[in-house]
Amino acid sequence: LERQRRQPDRGTYQNTADEHDQGNLAITYRNLGRNEEALSLRRDVYSGWLKLKGEEHENTLLAANNYATSLVCLKRFEAAKSLYRKTIPVARRVLGEGHDVTFRMRKGYARALCEDPTATVDDLHEAVTTIEETIRTARRVMGRAHPLTVAIEHDLRKTRAVLRARETPPSPSPAGSV
């Protein structure tokens, strides 16, 4: 890991540890329920890695996923989906389908689709399809017992349930009920 980066505007070097430290601080803020502050740090970390290493670096993609996850936690679904749509193809191309970061990004994207109260039935179908594709690869690469595979399996069950609930028309009220 490169530990320093050139600051062209100052002619000095700055530790890349700053991005790691900010990421750790963001986790602490999230754990304390200070989600807006965590989001701000996640955004800064993502921007830092983007400037330092570009969009195709693993750390940049991980930071993008963390930032998008924070957006979902704050119910900023459109921003999260937009970021995922931009970065997932890069992760798939650069890291591959079977990489941990790619799995997490696809899982997060499906979650953003599923939890969005404005999601259409087509959005929910996309979420299910995304998770189904992801789980097949996760099982093959990591095995069924891996914690991430288990988490993706859980999300698949949840996403399918949300889709079923949306597709099932409400049952008519019994005669005489109010």
Side-chain angles (χ1 to χ4, degrees), residues 1 19-20 22-33 35 38-39 41-43 45-46 49-50 53 55-168:
L1 175 69
E19 275 76 21
H20 293 289
Q22 284 186 312
N24 290 337
L25 185 56
I27 292 168
T28 301
Y29 279 149
R30 184 200 63 211
N31 290 342
L32 292 172
N35 295 321
L39 176 68
L41 284 173
R42 295 281 193 203
R43 182 183 53 246
V45 169
Y46 172 56
W49 281 113
L50 196 57
K53 293 291 187 175
E55 70 174 6
E56 294 186 347
H57 193 273
E58 181 178 351
N59 289 351
T60 304
L61 293 166
L62 179 60
N65 182 63
N66 292 340
Y67 178 36
T69 299
S70 290
L71 288 166
V72 171
C73 287
L74 288 168
K75 303 197 181 316
R76 297 181 187 166
F77 300 110
E78 289 307 316
K81 291 185 288 188
S82 176
L83 182 57
Y84 279 128
R85 286 181 186 126
K86 176 180 162 188
T87 56
I88 288 173
V90 177
R92 292 171 85 175
R93 184 181 76 250
V94 173
L95 303 176
E97 293 290 336
H99 194 280
D100 179 78
V101 173
T102 306
F103 290 139
R104 291 178 189 284
M105 292 178 101
R106 297 191 77 204
K107 178 181 180 299
Y109 177 61
R111 179 179 167 213
L113 288 168
C114 185
E115 291 184 11
D116 185 347
T118 66
T120 65
V121 171
D122 286 343
D123 292 335
L124 296 175
H125 277 288
E126 182 181 359
V128 168
T129 300
T130 299
I131 291 288
E132 286 174 342
E133 292 169 357
T134 304
I135 196 62
R136 278 192 293 275
T137 307
R139 286 176 188 146
R140 181 177 47 80
V141 171
M142 298 184 297
R144 290 181 180 271
H146 190 280
L148 183 53
T149 305
V150 171
I152 296 168
E153 291 273 9
H154 174 266
D155 284 5
L156 177 58
R157 286 189 299 275
K158 181 179 169 185
T159 304
R160 282 178 173 162
V162 170
L163 176 60
R164 272 193 310 276
R166 281 295 270 318
E167 288 182 323
T168 305

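Index from 1, following the sequence.
Between Glu132 and Arg160, at least one side-chain N (NZ, or NE/NH1/NH2) sits under 4.0 Å from a carboxylate O, which counts as a salt bridge.
Lys107 NZ to Ile135 CD1: the interatomic distance, rounded to the nearest 0.5 Å, is 10.0 Å. In this structure, Leu41 CG and Asn66 CG are separated by 12.0 Å, a value rounded to the nearest 0.5 Å. Here OG1 of Thr159 is found 8.5 Å from CD of Glu115. Values are rounded to the nearest 0.5 Å. The CE atom of Met142 sits 6.5 Å away from the CG atom of Asp100 when rounded to the nearest 0.5 Å. The CG atom of Asp122 sits 10.0 Å away from atom OG1 of Thr129, with the distance rounded to the nearest 0.5 Å. Rounding to the nearest 0.5 Å places SG of Cys73 at 4.5 Å from CZ of Arg111.
Inter-residue side-chain proximity for Lys53 and Asn59 is flagged as unmet; no heavy-atom pair is nearer than 4.5 Å. Here the side chains of Leu39 and Leu74 are in contact, with some heavy-atom distance below 4.5 Å. Looking at heavy atoms from C-beta onward, Phe77 lies out of side-chain contact with Asp123 at the 4.5 angstrom threshold. Taking 4.5 Å as the limit, some side-chain heavy atom of Cys114 sits within range of a side-chain heavy atom of Val162.
Nearest heavy atoms, Ala119 versus Arg166: O-NH2, 2.6 Å. Scanning all heavy atoms of the two residues, the minimum distance from Leu83 to Ala64 falls at CD2-O, 3.5 Å. Residue Ala63 comes nearest to Val45 through the heavy atom pair CB-CG1, 4.0 Å, listed as atom of the first residue, atom of the second, then distance. Smallest separation of non-hydrogen atoms from Leu124 and Leu113: CD2-O, 4.1 Å. Nearest heavy atoms, Thr60 versus Tyr46: O-CD1, 3.7 Å. Listed here is the closest heavy atom pair of Val128 and Leu156: O-CD1, 4.2 Å.
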Carefully, step by step, assess Lys86 and Glu55 under the rule salt bridge (Lys or Arg N to Asp or Glu O under 4.0 Å).
-> CA-CA 10 Å; Lys86 176 180 162 188; Glu55 70 174 6; 5.7 Å; no
Go through the steps to decide whether Glu153 and Arg139 satisfy the test side-chain contact (heavy atoms from CB on, under 4.5 Å), and finish with yes or no.
-> CA-CA 10 Å; Glu153 291 273 9; Arg139 286 176 188 146; 2.7 Å; yes
Using the side-chain contact (heavy atoms from CB on, under 4.5 Å) rule, take His125 and Glu167 through it: C-alpha gap first, then chi angles, then the decisive distance, then the call.
-> CA-CA 10 Å; His125 277 288; Glu167 288 182 323; 2.7 Å; yes
CA sep, side-chain torsions, deciding dist, call: Tyr109, Thr134, side-chain contact (heavy atoms from CB on, under 4.5 Å) = CA-CA 11 Å; Tyr109 177 61; Thr134 304; over 6 Å; no
Chi angles and distances behind the side-chain contact (heavy atoms from CB on, under 4.5 Å) call for Glu133, Glu97 = CA-CA 10 Å; Glu133 292 169 357; Glu97 293 290 336; over 6 Å; no
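Thr102 places no side-chain N or O within 3.5 Å of a backbone atom of Gly98 that could act as its donor or acceptor partner. Between the side chain of Thr149 and the backbone N or O of Ala145, no donor-acceptor pair lies under 3.5 Å. Judged purely by atom type and a 3.5 angstrom limit, Thr130 has no side-chain atom pairing as donor or acceptor with the backbone of Arg106.
Every residue two or more places apart in sequence or in another chain was checked for a salt bridge (charged side-chain N to carboxylate O under 4.0 Å, His left out) with Arg85, and none qualifies.
Within the structure, salt bridge (charged side-chain N to carboxylate O under 4.0 Å, His left out) contacts touching residues 60-83 (residues at least two apart or in different chains) are Glu36-Arg76, Glu78-Lys81, Lys81-Asp116.
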